[in-house]
Amino acid sequence: MKKKSKFSGSFGFVLAAAGSAVGVGNIWRFPYLAAKDGGGLFLIVYLALVLTFGFTLLTTDVAIGRRTHEHALRAFGAMKKKWAFLGVLTFLVPAIIMTYYTVIGGWVSKYFVTYLTGQGGAAAEDGYFTSFITAPVAPVVFMLIFLAVTAFVVYQGVEKGIERFSRIVMPALFVLIIGIAVFSLTLKVSDGDAVRTGLQGLQVYLVPNLEGLTPGRFLGILVDAMSQIFFSLSVSMGIMITYGSYVKKDVNLGQSLSRIEFFDTFVALLAGMMIIPAVYVFSGMEGMSAGPGLMFISMPKVFQAMGPVGAFIGLAFFLMVIFATLTSSVSILETLVANCMDIFHVDRKKMCLAITLISAAAAVVICLGYNVLYFEVDLPSGAVNQQLLDVVDYISNSVLMPFISLLTCLFVGWVMKPKWIVEEMEVSGHSFGRKKIYTVMIRYITPLMMLILFFQSTGVFRFLKSLFAKA
Ligand code: PFF
């Protein structure tokens with residue numbers, strides 16, 4: 001037996017994989033998309049897609065890992081020599097993400113310390129976020145602290161490090177997020193004659209808003225939901241292949257995967273329940289900006305508006321986000337370390353130290369993207385005035401990931417055939433309930449969806465549209 005690392009059983013695997021899946025994507029991106037894309041309408045589309053397309057990609061990654069006992073770099077080559085290049089492509093994604101994820105982890109840590117030291121008021125002031133990320137030293141220091149904690153967990157190994165850490169942190173995360181979401185629903189603010197309540201905010205979130213719905217807008221919502229799902233489930237980046245390779249053969253994979261999908265979606269739903277009513281009550285819907293703006297600019301203003309209790313809620317919120325971000329960054333570092341251990345035949349501890357040092361150097365460069373190396377570019381996806389971190393994120397999430405998913409579906413669906421995955425799902429003696437959906441999804445529907453997503457994010461659709469407009 002070549003690899004000795006294993007999760008102790010199904011529960012350890014589910015918590016670690018859910019730890020990877022639940023991250024800033026669930027907390028800052030999902031609520032924003034739901035607010036932008038018609039509330040309940042987005043939720044329905046998202047749920048339908050998780051159960052079909054998300055489930056297909058997650059099943060494929062985990063089953064490849066468990067069946068081959070390999071990490072991404074070698075797994076595809078072990079399945080068919082000619083497809084080894086797909087392993088290299090897949091490995092590139094965590095390598096790229098590692099350069100900036102710890103930078104965001106550093107930002108979250110800084111906000112946590114700000115609330116811990118009772119300075120939540122300062123965090124709510126205009127310009128606080130920008131002046132922090134453009135500073136020369138502080139973002140680097142916080143990034144290094146965050147990276148050190150990540151590395152410490154990975155250094156201890158799969159069962160003693162990652163699994164043990166997830167067993168403590170994930171339940172704490174659930175308790176915190178449920179507590180804050182319930183608190184959010186009790187909020188109430190009167191503004192002259194108008195009273196805005198958390199329950200009204202909940203309505204904005206849950207009731208489908210079909211106003212102005214055109215086929216084009218519906219396609220936009222579909223694309224948003226799809227790209228959110230595969231970032232959120234950590235698929236097509238080698239992570240779930242690596243975690244799959246640590247799962248014992250007697251584990252009922254179908255059941256474990258359903259639990260991971262459930263946890264990831266449940267936390268995203270709760271995050272929306274926590275953020276949308278709170279932002280609605282205190283700032284109206286204008287506070288619902290995308291990305292960092294929501295978490296680092298709108299939320300501190302909301303905590304400030306809550307009065308004295310806001311200082312505690314803010315502290316609980318950033319603690320919860322640190323937990324979510326740490327378990328995700330652990331999964332990225334683990335994937336890099338595990339793959340490199342195979343290639344260089346070096347033990348875990350040495351490899352972990354080497355990759356941590358390289359990641360630290362790369363993350364410093366990303367931090368400098370907000371001062372010394374500052375630039376602004378427009379991306380083919382349509383996003384304007386973007387910086388280094390956004391460009392790197394665009395390459396991994398918008399270009400590489402849909403492309404890798406597309407190739408993986410074609411490879412598994414048409415070269416290896418779905419049966420190859422189904423056999424692995426049933427090797428423990430449990431039947432694979434969603435066999436039929438899986439087969440149709442992997443061969444026909446998911447590749448098509450990935451092609452659409454790829455065209456959308458690389459600007460092919462926009463280009464064609466402009467051609468037609470000229471003609
Ligand atoms: N799945 C995580 C989230 O939703 O935030 C994000 C993530 C984790 C991205 C791990 C990349 C990664 F390697």
Side-chain angles (χ1 to χ4, degrees), residues 15-34 46 49-50 54 57-58 61-62 65 71-72 90-105 107-108 146-147 150 153-154 162 166 169-170 173 177 224-244 260-272 275 290-292 294-295 320-339 355 359 362-363 366 389-390 392-402 404-405:
L15 281 186
S20 171
V22 172
V24 286
N26 300 57
I27 296 162
W28 89 29
R29 199 149 174 268
F30 183 90
Y32 154 72
L33 288 176
Y46 186 89
L49 288 179
V50 166
L57 293 177
L58 185 63
D61 273 8
V62 175
H71 305 293
T90 307
F91 175 75
L92 280 180
V93 178
I96 295 175
I97 293 179
M98 192 68 205
T99 64
Y100 70 83
Y101 210 74
T102 51
V103 176
I104 299 174
W107 298 350
V108 178
F146 182 86
L147 176 60
T150 305
V153 176
V154 172
I162 301 172
S166 310
V169 161
M170 291 307 285
L173 186 151
I177 200 167
D224 278 349
M226 265 185 316
S227 61
Q228 171 65 10
I229 284 174
F230 72 147
F231 181 72
S232 189
L233 284 174
S234 307
V235 288
S236 302
M237 43 179 111
I239 292 177
M240 290 299 173
I241 299 185
T242 288
Y243 276 15
I260 297 165
E261 285 167 62
F262 173 79
F263 276 145
D264 187 56
T265 309
F266 187 57
V267 171
L269 290 173
L270 280 173
I275 288 176
L294 173 63
M295 200 150 80
M320 189 260 314
V321 184
I322 288 193
F323 288 164
T325 320
L326 266 177
T327 43
S328 295
S329 74
V330 160
S331 73
I332 315 174
L333 183 60
E334 171 62 21
T335 303
L336 295 177
V337 169
N339 273 290
I355 298 204
S359 308
I366 299 286
L389 189 151
D390 309 294
V392 175
D393 172 72
Y394 169 75
I395 296 172
S396 60
N397 297 334
S398 304
V399 181
L400 280 174
M401 282 167 61
I404 291 167
S405 293

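Remember, it's 1-based here, ligands and their atoms both numbered in the order they're listed.
In this structure, the side chain of Ser234 engages the main chain of Ser20 through a donor-acceptor pair within 3.5 Å.
The heavy-atom pair separating Gly19 from Ser328 by the smallest distance is O-OG, 3.4 Å.
Inter-residue side-chain proximity for Asp61 and Tyr243 is flagged as unmet; no heavy-atom pair is nearer than 4.5 Å. A 4.5 Å side-chain heavy-atom check between Phe230 and Ile404 finds every atom pair outside the cut-off. Put simply, the side chain of Thr325 reaches to within 4.5 Å of the side chain of Phe146, judged on heavy atoms.
Pocket lining of ligand 1, defined as residues with a non-hydrogen atom under 4.0 Å away: Ser20, Ala21, Gly23, Val24, Gly25, Asn26, Ile97, Tyr101, Phe231, Ser232, Ser234, Met237, Ile239, Ser328, Ser331, Ile332.
Partner of Met98 under the side chain to side chain contact (heavy atoms under 4.5 Å, CB included) criterion, out of Ile332, Thr335, Ile355: Ile332 alone.
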